[in-house]
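Source: prediction; values computed, not measured. No hydrogens, no waters, no symmetry mates; every other heavy atom, side chains included, goes into these values. Quick note on labels: first sequence line is chain A, next is B, and so on, each numbered from 1.
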Amino acid sequence: MVTLLDDPAAVVGALVDAGVGRGEPVGLALTNGDDGRLVLGLAADGGLLVGVGDDEAVGVIAAVEAAVRPRWVWWSNEPASLLVRHGVRLGACWDLSAVHRLLVGGWRTDEVRIWSAVRGLDHRQAPALGQLDLGDGDSGEGEHPAVRADGFLRSEWVAGLWRDAPEAAARWAELALDVMARQQERLRAIAAAGDALATARSESAAEMLCAELEHDGLPIDMGVALGLIQDLVGERPTDEREADRSRAERDAVVLAHLPPGQTFDLRNPADVKSMLRRVGIDVPDTRAWRLEQMRTAHPVVEALLLWRKAERIATTFGYGWLDQHVGPDHRLRGAWSGTDGAAGRMTAQAGLHNLPADLRPAVRADDGWSFVRADLGQIEPRVLAAVSGDQAFVQATAADDLYRPVAERLRVDRPIAKVGVLAAMYGQTSGTAGQALQGMDKAYPVAMQYLRDADRAGREGRELRTFGGRLIPMWDAIPDPDAPVDERSASAAIASRGRYARNATVQGAAAELFKAWAATVRARLAGDPDLSASRIVLCLHDELLVHTPTAVSERVASLVQACLDEASGRWFRGTGVRFVADVSIVDSWADAKA
DNA sequence: GATTTCACGTA
DNA sequence: CGTACGTGAAATCC
């Protein structure tokens, strides 16, 4: 039975009467209806179902948040995106999609997959929309109007039937609560070293942060941006002809180093290869790192490398990029994902994660505002110490520069020690890595065994979980067992799987700590009335950028530091591992650290 | 028109 | 024969 309520106070009262307190789950289904009006349904344990008329949807949620602060439970972060557009930011949620990715690994998620996973069903067998249910379970009254007797979700509900009316939305929210309970059961059963339930909450918070990052955007100084681009690729072309001319001019600088009359398409790698062969340079490919070594062989090489740099700006990070991704409010916006498909790092589009360092001066705080820039120092080796529990390695994390004590213990120079540690984590064996790895086994046997175990699991095709419980997906080393087996490529595929697994355990645990840190910063900023205008505007794997009024920037800087201590202490309690962050207050992202 | 290859930016 | 990602241009596949 769904109660229809419009009055925020009445909804709060009903939830309180139902026994919902702080941090306790409230299912929420919220959507923009066909006519752009909001449709909201709420559900609480014990059977309370509330549908809310569109005019009051946002007000009701804000009132419940203010009075109760529950844990909002939703299928995906669509409600978070909608709400942030309406000026509402919530404290805690349980995002079924994010938790699903945690449970089953990979990136793909939808309601059918989420539901099927917790019900032990094969999502590929789920009924498709329009498919007739010929007596195979779609008749009679089931447990829930959206659930068939055979346990699958009804395709109409998956397709969005619940979006039509608050009553239906409330039932959809009710189902979200059911799925959460089942996800929690599964999380409890996971054999992870860490607390998978805590990871689920943190990953959910990261999804809300993603919605906010998309909404807020990254502050850009357009004057600086345009100046930098102009220096690199010239004036903004006014039409296609001029753009062609500008391209041709840049090409001519490179081609001028060749005998007259010879022309090559610099944008075609095969053409570039034959161009280089014409001047006596034979290379298997024309990648920059290879050409670096040929710099002195012929002046055309140097010119080509410079051309490539400018071409990158012209094509990817030029005027078109600004037009497409920077709004009239001078904010660079792209889509964010809380997790990639491998180990669980955040991803971002619109170039937010691969902005060339040359363009970073354009990322500038507004007048009267500053950036608090914080990046974790040597996060991956520190995480390795924590997840492996290698006591000698844990001791090394006491140092600001972890590679110093490692170098001392190995009796090698610091650069060798660094290469050794990184090679162990990444599975690198070539070059100087082999020599650098010497001694690591003896000095840090537990950490090295941890990595070897992961590598072996990968090679054998066994699935792993990160410290926080994320499933590391594994694939078939030989996709087609009927195809002729090339022994070399087969063993290469197996080795590659081993490196992947080895790296994913470390990279994944680092991503989990990073998100716990970011979520803590988000929560603490929101919880302090003096700091609540400050916003996280960029997450970059081990780096946070917070846009904040300059007047409170010092307080935000110490908060960010304190949040790292809080998050790492909670995450890796009892391991004794020390995490360090370099925190500085700057006007521009490019400004030097500390 | 969609997919693959090459290249290169970030961590 | 160190991992992950996103983007763009050209080639390649259908």
Side-chain angles (χ1 to χ4, degrees), chain A residues 106-107 232 247 264-273 283-292 304-305 307-318 320-321 324-325 334-360 363 375-380 383-384 418-434 436-437 451 454-455 458-459 466 470 472-473 488-511 514 538-545 589:
Chain A
W107 184 85
L232 288 159
R247 266 194 294 272
F264 297 91
D265 181 358
L266 300 177
R267 290 164 192 82
N268 180 340
D271 236 31
V272 171
K273 216 161 120 177
V283 280
D285 61 63
T286 71
R287 294 182 136 85
W289 66 270
R290 212 182 284 281
L291 297 183
E292 292 290 350
L304 178 63
L305 286 167
W307 178 91
R308 282 253 176 94
K309 222 169 166 60
E311 180 72 1
R312 169 72 37 196
I313 300 297
T315 56
T316 308
F317 296 104
W321 169 70
Q324 211 179 334
H325 302 295
W336 284 80
S337 164
T339 171
D340 61 26
R345 299 217 294 196
M346 295 172 79
T347 68
Q349 298 182 323
L352 284 157
H353 271 181
N354 49 353
L355 195 72
D358 292 344
L359 290 182
R360 288 189 182 192
V363 180
D375 63 289
L376 299 176
Q378 304 164 339
I379 181 177
E380 292 197 343
V383 161
L384 173 60
K418 182 175 177 178
V419 170
V421 170
L422 295 176
M425 288 190 301
Y426 298 160
Q428 186 185 6
T429 53
S430 64
T432 55
L437 278 164
L451 294 168
D455 195 292
R459 279 186 280 115
T466 62
R470 179 179 302 279
I472 297 167
R488 286 174 70 122
S489 62
S491 73
I494 287 168
S496 153
R497 221 165 48 173
R499 283 195 307 276
Y500 165 79
R502 170 192 288 260
N503 183 245
T505 55
V506 177
Q507 192 186 95
F514 177 82
L538 189 69
C539 294
L540 193 44
H541 308 316
D542 64 355
E543 183 172 358
L544 273 180
L545 203 60
W589 189 22

(Q) Can you see if the side chain of A:Arg499 gets near the phosphate of C:dG2 - specifically, an N or O under 4.0 Å from OP1 or OP2? (A) no
Q.
Side chain of A:Asp542 only, heavy atoms from C-beta on: which candidate in B:dC8, B:dA11, C:dA10 is closest?
A. B:dA11
Q) Looking only at side-chain N and O atoms, does A:Ser496 come under 4.0 Å of OP1 or OP2 in C:dC1? A) no
Q: For C:dA4, take OP1 and OP2 only and decide whether either is under 4.0 Å from a side-chain N or O of A:Asn503.
A: no
Q. Looking only at side-chain N and O atoms, does A:Gln349 come under 4.0 Å of OP1 or OP2 in C:dT7?
A. yes
Q) Taking 4.0 angstrom as the limit, do A:Arg290 and A:Asp285 come out as a salt bridge? A) yes
Q) Looking at the side chain of A:Pro269, which of C:dG8, B:dA7, C:dC5 is the nearest nucleotide? A) B:dA7
Q: Provide the distance between the two P atoms, one in C:dC1 and one in B:dT5, to the nearest whole Å.
A: 15 Å
Q) Any side-chain N or O of A:Thr429 less than 4.0 Å from the OP1 or OP2 oxygen of C:dC1? A) no
**Q.** Quiz item: A:Arg345 side-chain donor-acceptor pair to B:dA11 base, under 3.5 Å
**A.** yes
Q: Between C:dA9, C:dA10, C:dG6, spot the one nearest the side chain of A:Thr347, thanks.
A: C:dG6
Q.
From the set B:dA11, C:dA9, C:dT3, return the single nucleotide nearest to any side-chain atom of A:Arg267.
A. C:dA9
Q) Quick one: which of B:dA7, C:dC5, C:dG6 gets closest to the side chain of A:Asn354? A) C:dG6
